[in-house]
Amino acid sequence: MQLGRALDEYLRHVTIERGLSEHTIAAYRRDLNGYLAWLDARGILTTDAVTATTVTEFIAERSGAEPPPAATSLARLQSAVRGWHRFLVREGIEQDDPSARLRPPKTPQRLPKALTIDQVERLLAAPSADEPIGIRDRALLELLYATGARVSEVVSLDVDDLSYGDVLRLRGKGDKERIVPVGSYARAAVDAYLTRVRPGLAAKGRATATLFLGARGAPLSRQSAWLVIREAAEKVQITVDVSPHTLRHSFATHLLQGGADVRVVQELLGHASVATTQIYTHVSVDTLRDIYATSHPRAR
C-alpha cells in the first residue's frame, strides 16, 4: 500500500475507533509525516518495502540528531512508528511488523511540581472580586484546583455539566466521562460567576452553552486560561513556574498528603492506570521525612 494512504487509514482509525484526543492525533500526524518523508527520501514508497533495518536506521538517525531530542519526544516518536506498523499487520495490509523489536528509550521519571497549600490559597485569591473578569477568573481557578481537571476539560464544560449538585461531569481523554466532587469554595465561586458575570458576557457573543466565556462572549480558550493562571501567579509573586497542570499536580499531591487513597486519586484524575497516579506518592516523601525527623526520638 502507498505510504500516504496507509497513514490516512491509521489516523482515521485512531480518531474514530480509538477516540484519541486532537492533541494526541496531531502529535501522531506530525511524527509519522516526518517518518514518511524520511522513507520517501530513500525511495521507499510502499509499506511492504519497509524492513526492520529501515526502522532501526530511522530511529538511530533521529536519536543522534543535533541537538539531541528529549527522551520523551523520542519515546513518543517510537510509539507512533510502532503503532502504525502494528495497525498495518492487524488490518492485514502487511504480514510482518518491521518495528517489532523496537524498544522505547527509558524516560526519566520527573516528579510533578506542586504548589504549597499557602501558595494555592494566594493564587486563588489573586483575581479581583470587584471586577467581572476577576469573578470569572476566580471561578476558573477554584474549579481547576477543586477538581484536579485538565484545563482542556474545564474550558470545554457546558453550563449543564454543573447541574448535578455538588458533583461535576468531566469529559477526559478519549471522550471518557467521569464524575468528580466540587467543594463549597469552588461551587460558590462558580455560582457567583454564573449569576453576576456570565449573562453579560454571553450577551456580547453568539449563543453558546460553554461555561467559561471570554470578554467578547466567545468560549474561553486553553491559552486564555493559561494566561489567567500566569497573571494570578505574577500578581501574588509566586516565582515558580505555574501552569494549569500545576493546579492538577497540587490537587493530587494535597489529597495524598491529606491521607487519600491513591486509587481514589486515580479515579478523580481520570488516569487509566494507577501507575500514572503513583508518581504523586513520591512527592509526599519529603513530608514523611519531616514528620519522622520531628517525631522519632532517635531521628537525629
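Numbering of residues begins at 1 and proceeds along the displayed sequence.
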**Request:** Please lay out, stage by stage, how Leu11 and Tyr28 fare under the test side chain to side chain contact (heavy atoms under 4.5 Å, CB included).
**Result:** CA-CA 8 Å; Leu11 292 175; Tyr28 277 18; 4.3 Å; yes

Would a 4.5 Å heavy-atom cut-off, applied to side chains only, mark [X] and [Y] as touching?
| X | Y | value |
| --- | --- | --- |
| Leu32 | Tyr10 | yes |
| Ile133 | Pro127 | no |
| Asp137 | Glu231 | no |
| Arg136 | Val228 | yes |
| Val155 | Phe212 | no |
| Leu77 | Phe58 | yes |
| Arg248 | Leu269 | yes |
| Leu220 | Val154 | no |

**Request:** Show the numbers, then the answer: is there a side chain to side chain contact (heavy atoms under 4.5 Å, CB included) between Val50 and His85?
**Result:** CA-CA 10 Å; Val50 181; His85 283 296; 3.7 Å; yes

What I want to check is whether the side chains of [X] and [Y] have a donor and an acceptor closer together than 3.5 Å.
| X | Y | result |
| --- | --- | --- |
| Thr46 | Asp48 | yes |
| Thr253 | Ser250 | no |
| Thr51 | Thr54 | yes |

Could you give the distance from [atom1] ([X]) to [atom2] ([Y]), rounded to the nearest 0.5 Å?
| X | Y | atom1 | atom2 | value |
| --- | --- | --- | --- | --- |
| Glu9 | Trp84 | CD | CH2 | 11.0 Å |
| Leu45 | Leu39 | CG | CG | 9.0 Å |
| Arg138 | Leu124 | CZ | CG | 7.5 Å |
| Arg230 | Glu234 | CZ | CD | 5.5 Å |
| Gln78 | Ile59 | CD | CD1 | 4.5 Å |
| Asp31 | Leu36 | CG | CG | 11.5 Å |

Any idea which heavy atoms bring [X] and [Y] closest together, and the distance?
| X | Y | answer |
| --- | --- | --- |
| Ala6 | Thr47 | CB-CG2, 3.6 Å |
| Thr210 | Arg198 | O-NH2, 2.7 Å |
| Ser99 | Arg82 | OG-CA, 3.5 Å |
| Leu211 | Tyr193 | O-OH, 2.7 Å |
| Pro181 | Thr147 | O-CG2, 4.0 Å |
| Arg196 | Ala129 | NH2-O, 3.8 Å |

Is it the case that more than 12 heavy atoms not belonging to [X] sit under 6.0 Å from its [atom1] atom?
| X | atom1 | value |
| --- | --- | --- |
| Gln95 | CD | no |
| Gln237 | CD | no |
| Arg5 | CZ | no |

State yes or no: do [X] and [Y] share one hydrophobic cluster built from I, L, V, M, F, W and Y residues joined by side-chain heavy-atom distances below 4.5 Å, directly or via other members?
| X | Y | result |
| --- | --- | --- |
| Tyr185 | Val182 | no |
| Val159 | Leu157 | yes |
| Leu255 | Ile117 | no |
| Val89 | Ile44 | no |
| Leu227 | Leu140 | no |

**Item:** side chain to side chain contact (heavy atoms under 4.5 Å, CB included) assessment of Leu194 paired with Leu162
**Value:** CA-CA 11 Å; Leu194 284 173; Leu162 297 167; 3.9 Å; yes

**Step-by-step side chain to side chain contact (heavy atoms under 4.5 Å, CB included) determination, Val14 to Phe87** = CA-CA 10 Å; Val14 297; Phe87 166 78; over 6 Å; no

In terms of side-chain geometry, is the basic nitrogen of [X] or [Y] positioned less than 4.0 Å from the acidic oxygen of its partner?
| X | Y | result |
| --- | --- | --- |
| Arg263 | Glu267 | no |
| Arg12 | Glu91 | no |
| Arg86 | Asp97 | no |

**Prompt:** Does His254 reach the main-chain N or O of Leu115 with its side chain, forming a donor-acceptor pair under 3.5 Å?
**Reply:** yes

**Request:** Could you tell me whether the side chain of Asn33 and the main chain of Arg30 form a donor-acceptor pair under 3.5 Å?
**Result:** no

**salt bridge (Lys or Arg N to Asp or Glu O under 4.0 Å), paired with Glu153, selected from Arg222, Arg169, Arg178, Arg171** = Arg178

**Request:** For the pair Trp38 and Tyr35, name the ring-plane relationship: parallel under 30°, tilted 30 to 60°, perpendicular over 60°.
**Result:** parallel

